[in-house]
Colleague: 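Below is one structure. I have some questions about it.
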Amino acid sequence: KAGVTQTPRYLIKTRGQQVTLSCSPISGHRSVSWYQQTPGQGLQFLFEYFSETQRNKGNFPGRFSGRQFSNSRSEMNVSTLELGDSALYLCASSFEGIGELFFGEGSRLTVL
Amino acid sequence: DAKTTQPPSMDCAEGRAANLPCNHSTISGNEYVYWYRQIHSQGPQYIIHGLKNNETNEMASLIITEDRKSSTLILPHATLRDTAVYYCIVRPSNTGKLIFGQGTTLQVKP
């Protein structure tokens, strides 16, 4: 079966802009979670969506938001981009948050 | 959330068993021990998980102490492709929230 698909894989933005990243989970998976990875902070949990509802949230400012659609696809948005938002953004899906999480290859964001 | 402690780095000779330790002394009764690895900026890959009993799959074995305060991931015959950062994580069973530590960088050498 197809894995977790994230788009775009790479993107470059400038400070102050906003960005939207997309994640298509594995078919049948209803839980989607997002992570940010930077060299300094490592892998950090952003938020988790389950059945279109945010179920968990990490310690990130309100500029980071997300949503989930009825087909379980998820998007995350970062507004008013800062240089420190440059990171690899990873999406993971699981069957209702149970068992293993399957990660996508990530979207690498560079903010100039 | 329970936190884990892992050595920052380890070396292993190719073909030998790699034993990666993890301390999780504050683990709660409903939290599982999960192991993931990440190979150079790819998405983390699931390896194995367990609650109380030792577990084995085609990739590795997981040994959890009786008091559940520590565990060891065993790669029975390490290959160069096993060079990666290995993360030990504790999590409740019904959440997609994982708290990653700094992990252990395993270098498998020929």
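What you see is a predicted model; the values in this text were computed from it and never measured. Chain A is the first sequence line, chain B the second, and so forth, proteins listed ahead of strands; every chain is numbered from 1.
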Colleague: Is the NZ atom of B:K109 crowded by more than 12 outside heavy atoms at less than 6.0 Å?
Modeller: no

Colleague: If I measure from the heavy atoms of chain B, does A:Y35 come under 4.5 Å with its side chain, its backbone, both, or neither?
Modeller: side chain

Colleague: Determine whether more than 12 heavy atoms belonging to other residues, nucleotides or ligands lie under 6.0 Å from atom CZ of B:R16.
Modeller: no

Colleague: Measure the OH-CD distance between B:Y34 and A:E100 for me, rounded to the nearest 0.5 Å.
Modeller: 8.0 Å

Colleague: Can you tell which of A:L43, A:V32, A:L88 has the highest number of heavy-atom pairs within less than 4.5 Å of chain B?
Modeller: A:L43

Colleague: Measure across A:E48 and B:K97 and return the closest heavy-atom pair with its distance rounded to 0.1 Å.
Modeller: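 Closest approach of A:E48 to B:K97: OE1-N, 4.1 Å.
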
Colleague: Distance from A:F103 atom CZ to B:Y46 atom OH, nearest 0.5 Å?
Modeller: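 Reported to 0.5 Å precision, the distance equals 13.0 Å.
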
Colleague: Are B:Y87 and B:I74 linked, directly or through other ILVMFWY residues, by side chains that come within less than 4.5 angstrom of each other?
Modeller: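 Not linked; separate clusters.
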
Colleague: Please look at B:Q45 and chain A and tell me whether the side chain, the backbone, both or neither of the residue comes under 4.5 angstrom of a heavy atom of that chain.
Modeller: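 For B:Q45, there is no contact with chain A at all, as no heavy atom is under 4.5 Å.
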
Colleague: Taking atom CG as the centre, does A:N59 end up with more than 12 heavy-atom neighbours from other residues, nucleotides or ligands that are less than 6.0 angstrom away?
Modeller: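 No - once you tally the heavy atoms of other residues, nucleotides and ligands closer than 6.0 Å, there are 12 at most.
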
Colleague: Heavy-atom cut-off 4.5 Å, strictly under: side chain, backbone, both or neither for A:Q37 against chain B?
Modeller: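 A:Q37 touches chain B through side-chain heavy atoms alone.
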
Colleague: Determine, using the 4.5 Å side-chain heavy-atom cutoff (strictly less than), whether A:F95 and A:W34 are members of one ILVMFWY cluster.
Modeller: no

Colleague: Determine whether more than 12 heavy atoms belonging to other residues, nucleotides or ligands lie under 6.0 Å from atom CZ of A:R15.
Modeller: no

Colleague: Between atom CG of A:L90 and atom CG of B:L98, what is the distance when rounded to the nearest 0.5 Å?
Modeller: 11.5 Å

